[in-house]
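The structure appears below as structure tokens.
Chain A is the first sequence line, chain B the second, and so forth, proteins listed ahead of strands; every chain is numbered from 1.
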Amino acid sequence: MKTRTRFAPSPTGYMHIGNLRTALYEYLIAKAQGGDFILRIEDTDQKRYVEGATDIIYATLKRVGTNWDEGPDIGGNYGPYIQSERRNIYAEYAHKLVELGGAHYCFCSKEDADEQKDEEQNIKFQDPCKHLSLEEAKARVAKGEPYVIRQTINKSGKSKYHDEVYGDIEIDYDELDEGVLLKSDGLPTYNFANVVDDHLMEITHVVRGNEYISSTPKYNLIYEDFGWEHPQYVHVPPVMKDAQHKLSKRNGDASFQDLVAKGYLPEAIINYIALLGWNPGTDQEIFSLDELKKIFSVERLNKSPAIFDITKLTWMNGCYIRALPIEEFHKLAEPYYKECLSRKVDEEFLSKVLQPRVEVLGDIPNQIDFIEQVKDFSNDLYFNKKMKSDAEVAKKTLAEAKTVLAEADVWTNEALFEKLKALAETLGVKNGQILYPLRIALSGKETTPGGATEIAVILGKDETINRINQALARL
RNA sequence: GGUCCCAUCGUCUAAUGGUUAGGACAUCACCCUUUCACGGUGGUAAUAUGGGUUCGAAUCCCGUUGGGAUCACCA
């Protein structure tokens, strides 16, 4: 049987990291076995529907490369792939389930049910409609009385099923409540739509958050009542913000699009989240999607929650940025140059010095702001113990450097470096005693992308001399 | 509260009865050096806890503690 997995998000807005990781695992499980990855939109709750949310889902999945084989936009043999368009299918199966004895019509209001319940004291709703005869119930339905279809659970004892991650799960049937399957608006709840769709779409592996572990027996009952086989279950632990809280968009935690906007590369994000809850069993940490497709296995999925660590993602993103061909890095960096540079500089040279020093693209403006203008800085900045540099030294060497630079006719990094090195020799000082102060004078910053001569090249001769003069005046 | 699940360095994790408990990020030190980074070398740092079982336990069993999930006409 061909492996078929599905990503079934509800279009409620952002694509958060936990969701994306689930999609990734589903994709990888399918592709590791040459199977199909299906996209299905679960929009049975009209109240939560957010305009444009499906577009974000499409865009995100495309961006990371987890392309789907069947879905609302491309169709397939098991459509439609949007639940609101499958309304009639659910209704048909719901009524069938009633006939089969796995569900019953219920005429109670939500308030009636809520009143009876008490979670603290563990009192469940006992549905009086459960005992109505099918004829009577049908008659009331025919009369036009509002109703829902509720699951009927008559079993007792322990329900058992196997989960690929958590192993064997046992839950008492008494713990299960008879939830609504078909709402009064005629649309199904997740509890029902999922089972019907997964069966009809021939899904072989259901991957979802571990919050579904305890309700899975209810779904298995539905499968049983229909005489269907249930899929394999792969419940995955949540991605956490900290030890206590899940990553959630409500708290404004980073979503995929937020991270991309900050300058994280989709490839790096995917690589990082693949490793949040899964490991290859080797020391390798950098993986392309294609590599993951080859080696992913559910056996190596972890049971405990994983905290999302932006610091490690940042490191990994730096790895990806450094590995980029220079032209590609340049293309990614250019928009930031356009945004914050008005001075004309050799942008390709800038990219060259910048690339090994950028971890997140969004840091670029901060790293290059000195090119526009030097912010006020204290002369203490000239102090560096190792370089044997301080304001006094700077005063002398800067003046000397200025003379040499003013005479320079070839304005390249190599040429300038040779000249200043020669100057250091003539003066009998360390290279650093010239270069360190020069770098400070030109940038006003303790850290810069590149050394003194590289910055001089970026700034150009006139501006370099200009800045040395300004610095000298302040010493 | 009932039920279910989880528990190794600060973080992600490896070790499926026998390891000086390994790797990565972060952190610290040193080296390299033209700053910062990159790179290199090394260090600090963990089996929540109490009992069993066993020649031997991070690993198996039980209790405790801590955390999470669930108990919707949300998914």
Side-chain angles (χ1 to χ4, degrees), chain A residues 8-10 12 42-45 47-48 106 108-110 113-114 117-125 146 148-150 163 166-167 169-172 174-177 179-185 187-191 193-194 208-215 217 235 237-238 240 242-246 272 275-285 300 302-316 318 322 353-359 367 384 386-387 389 417 420-421 424 430-432 434-440 443 445-455:
Chain A
S10 53
T12 54
E42 309 218 331
D43 60 344
T44 55
D45 184 5
K47 291 190 289 290
R48 297 211 306 169
C106 169
C108 302
S109 68
K110 186 177 186 320
D114 285 346
K117 279 189 301 199
D118 189 328
E119 287 175 18
E120 289 304 306
Q121 291 186 43
N122 201 26
I123 297 172
K124 294 199 179 315
F125 172 55
V148 299
I149 291 182
R150 247 178 218 287
D163 182 86
Y166 288 91
I169 304 284
E170 267 189 28
I171 290 170
D172 216 290
D174 295 343
E175 291 297 321
L176 275 27
D177 53 14
V180 170
L181 266 22
L182 200 71
K183 298 184 273 188
S184 50
D185 65 3
L187 283 168
T189 58
Y190 169 89
N191 301 334
N194 234 265
R208 49 154 76 127
N210 71 2
E211 68 267 25
Y212 291 96
I213 284 181
S214 39
S215 46
H235 286 103
M240 310 288 284
D242 55 48
Q244 273 75 28
H245 308 280
K246 272 198 204 188
Y272 176 70
L275 263 24
L276 263 188
W278 176 86
N279 77 83
T282 67
D283 284 345
Q284 187 180 347
E285 289 198 293
R300 299 204 68 92
N302 226 294
K303 279 192 255 223
S304 34
I307 298 174
F308 181 83
D309 181 11
I310 190 83
T311 310
K312 183 146 189 182
L313 202 214
T314 302
W315 163 78
M316 193 172 274
R322 270 174 257 128
V353 295
L354 208 50
Q355 185 177 16
R357 295 165 170 91
V358 173
E359 282 197 304
Q367 287 178 287
N384 183 296
K386 273 179 115 175
M387 297 301 145
S389 160
F417 182 66
L420 292 176
K421 207 170 100 181
K430 288 179 62 133
N431 289 349
I434 294 177
L435 295 162
Y436 191 92
L438 179 57
R439 195 182 60 83
I440 299 297
S443 66
K445 296 182 85 167
E446 196 171 6
T447 68
T448 50
T453 53
E454 283 162 331
I455 290 169

- Hey, does A:Met316 reach any base, or is it just sugar-phosphate, or nothing, if we go heavy atoms under 4.0 Å?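 Touches nothing.
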
- So what does A:Asn302 touch, heavy atoms closer than 4.0 Å: a base, only the sugar-phosphate, or nothing?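 If one applies the 4.0 Å heavy-atom cut-off, A:Asn302 turns out to touch the sugar-phosphate alone, with no base involved.
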
If we take the [atom1] atom in both [N] and [M], what is their distance in whole Å?
N	M	atom1	answer
B:A15	B:U47	C1'	11 Å
B:U11	B:U70	C1'	28 Å
B:U8	B:G68	P	15 Å
B:U54	B:C62	C1'	16 Å
B:U59	B:C6	C1'	16 Å

- Query: Hey, is the side chain of A:Arg322 pairing donor to acceptor with the base of B:C38 inside 3.5 Å?
  - Reply: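 Per atom types, no contact qualifies.
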
- Query: Is there a donor N/O on one and an acceptor N/O on the other, under 3.5 Å, for the side chain of A:Arg357 and the base of B:U35?
  - Reply: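 Indeed there is one.
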
Roughly how many Å is it from [atom1] in [X] to [atom2] in [N], rounded to a whole number?
X	N	atom1	atom2	result
A:Ile123	B:G2	CD1	P	14 Å
A:Glu446	B:A37	CD	C1'	13 Å
A:Ile434	B:U33	CD1	P	18 Å
A:Lys303	B:A58	NZ	C1'	14 Å
A:Gln367	B:U35	CD	P	17 Å
A:Tyr436	B:U35	OH	C1'	6 Å

- Message: Does A:Lys124, at its NZ atom, have more than 12 non-hydrogen atoms belonging to other residues, nucleotides or ligands within less than 6.0 Å?
- Response: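 Result for NZ/A:Lys124: enclosed.
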
Base-pairing mate for [N] - Watson-Crick or G-U, with both contacts under 3.5 Å:
N	answer
B:A7	B:U65
B:U16	none
B:C71	B:G1
B:A58	none
B:U41	B:A29

- Query: Could you walk me through whether A:Glu42 and A:Asn194 pass the side chain to side chain contact (heavy atoms under 4.5 Å, CB included) check?
  - Reply: CA-CA 9 Å; A:Glu42 309 218 331; A:Asn194 234 265; 3.2 Å; yes

- Message: Could you measure the distance from the CD atom of A:Glu359 to the CD atom of A:Gln367? Nearest 0.5 Å is fine.
- Response: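 So the gap between those two atoms works out to 9.0 Å.
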
- Item | Contact nearer the 5' end of RNA chain B, comparing A:Glu454 with A:Ile171 |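 That would be A:Ile171.
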
Would you check if the side chain of [X] reaches a backbone N or O of [Y] as a donor-acceptor pair within less than 3.5 Å?
X	Y	result
A:Thr282	A:Gln284	yes
A:Tyr272	A:Thr314	no
A:Thr189	A:Val180	yes
A:Arg300	A:Asn279	yes

- Task: Would you give a per-nucleotide map of nucleotides 60-75 of chain B, 5' to 3', where B means the base has a protein non-hydrogen atom under 4.0 Å away, S means only the sugar-phosphate does, and - means neither?
- Result: -------SSSSBSBBB

- How does protein contact run along nucleotides 19-31 of chain B, one letter per nucleotide 5' to 3', with B for base contact, S for sugar-phosphate only, - for none, heavy atoms under 4.0 Å? ----SBSS-----

- Message: Does B:U13 have OP1 or OP2 under 4.0 Å away from a side-chain N or O of A:Asn279?
- Response: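 So the side chain of A:Asn279 is outside the cut-off, no N or O lying under 4.0 Å from OP1 or OP2 of B:U13.
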
